[in-house]
Amino acid sequence: MPELPEVETLCRQLRPEIVGAEIVATRVIDSKLGGIRGLKGRTVKGVTRYGKALEMELEGGGSLVLHLRMTGRLLWHKGNGMLPWNNRKGMLPWHNGNGMLPHTRLVISFPHGKISLIDPRRFATATVHRKGNCISLGSDPFNGFDPSHLWTIAQQCTLPVKSFLMDQRRIAGIGNIYACEILYQARMDPWRRINGLSPDDWAAIGQAAQEILTRAIACRGTSVSDWRDLFGNAGEHQNYLLVYGREGTGCYRCGGRIERRKLSGRGTYYCPTCQNHEGG
DNA sequence: CCCTATGTTCCCAA
DNA sequence: CTTGGGAACATAGG
């Protein structure tokens, strides 16, 4: 669920809370996450985003990389970080009997608070890296987005432009919602083959991506379903969506009917009337 | 029962 | 080798 703006929101909210703080305990509730070891006693040096992945860098090398996949959330609980997990004083008003929210999969404790990973569908991953990070991703729309480079690598590729935008090895951080929004903003048909795009088309995509994603970050993400920020608050960007979820309603630009079709199995919202540009 | 879901990975076919 | 499609993962909601 969380795409670039949602993960960026978590990074920005986490930094003031945990940078410089020592991890005093970790607890894995869902063994599907695998072993999370060697974090106790380590101090968080920084929090960084790579596409949709969030990395907590540790002093002395190494890091913890979290990927929230479809339904993962992080929630900060202020205080009580060193209390026993089932201590009544540490319970939240909506705990499920053991002091934790339902679907809590991992807890990372600091002296002054703790982070819960909450994930109903259990697709989220957490991995400890000994040195640096092992993330292999493309550049993201804010960092190293090079229209002429994209044009070059797109020349021998016939993918629909939406599939290309969502390929994390090419461009990191864009998922289904923002791919729909960016292509609408760029007036581009999601099914358009990328080997037909000009350098100007790529520049337009890059600009649309920065506009859409910047606004979404300022809104602390899109809460169309269950996305919440680090403090449990809904984002605001669902109030500014241009096409996603608008099937059957009128296009804000031309009044045409917004359609929804599947592209590689994903619901794709678009305006057939004004997202049909060929060339620049 | 059906379908849908903000993501990634694996398998398989062309 | 590439690409593209579908299923799988596991769960909730309509």
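Chain letters run A, B, ... following the sequence lines, proteins first and then strands; every chain starts at 1.
Here C/dT2 presents its C1' atom at 14 Å from CZ of A/Phe164, a figure rounded to the nearest Å. Atom-to-atom, CE of A/Met70 to C1' of B/dT4 comes out at 10 Å; the value is rounded to the nearest Å. Following rounding to the nearest Å, A/Asp30 (CG) and C/dT11 (C1') show an atom-to-atom distance of 12 Å. Rounded to an integer number of Å, the gap from A/Glu247 CD to B/dT4 C1' is 12 Å. When the P atom of B/dT8 is taken as reference, atom NZ of A/Lys32 falls 14 Å away, rounded to whole Å. In this entry the distance linking CZ of A/Arg169 with P of C/dT3 reads 8 Å, nearest Å. Taking atom OH of A/Tyr244 as the reference point, atom P of B/dG7 lies 8 Å away to the nearest angstrom. Atom pair A/Asn176:CG and B/dA5:P shows a separation of 8 Å (rounding to whole Å applied).
Taken from CG in A/Asn176 to OH in A/Tyr269, the straight-line distance is 8.5 Å, to the nearest 0.5 Å.
Look at A/Ser264 and you'll find a side-chain N or O under 4.0 angstrom from OP1 or OP2 of C/dG5. Taking side-chain N and O atoms only, A/His103 has a distance below 4.0 Å to OP1 or OP2 of C/dA12. In this structure, A/Thr125 does not reach the B/dT9 phosphate: none of its side-chain N or O atoms is under 4.0 Å from OP1 or OP2. For A/Lys262 and C/dG5, the shortest distance from a side-chain N or O to OP1 or OP2 is not below 4.0 Å. Contact between the side-chain N/O atoms of A/Gln168 and the OP1/OP2 oxygens of B/dT8 is found at a separation under 4.0 Å. Under 4.0 angstrom from either OP1 or OP2 of B/dG7 there lies no side-chain N or O belonging to A/His67. Contact annotation: A/Arg69 side-chain N/O to B/dA5 OP1/OP2 distance is not under 4.0 Å.
Stacking between A/Tyr178 and the base of B/dT6 is absent under the criterion of ring centres within 5.5 Å and planes under 30 degrees.
For a distance-only test at 3.5 Å, the side chain of A/Arg122 fails to qualify as a donor-acceptor partner of the base of C/dA10. Interface remark: the A/Arg266 side chain does not form any donor-acceptor pair with the B/dA5 base, using a distance-only criterion of under 3.5 Å.
Below 30°, between 30° and 60°, or above 60°: for A/His237 and A/Tyr178 the angle between ring planes is between 30° and 60°, a tilted geometry.
Residue A/Ala154 comes nearest to A/Ile194 through the heavy atom pair CB-CD1, 3.6 Å, listed as atom of the first residue, atom of the second, then distance.
Considering only the side chain of A/Leu159, C/dT3 comes nearest among B/dG7, C/dA12, C/dT3. Nearest nucleotide to the A/Pro120 side chain, out of B/dG7, C/dA12, B/dT6: C/dA12.
Defined by atom type and a distance below 3.5 Å, a donor-acceptor pair is missing between the side-chain atoms of A/Gln13 and A/Glu17.
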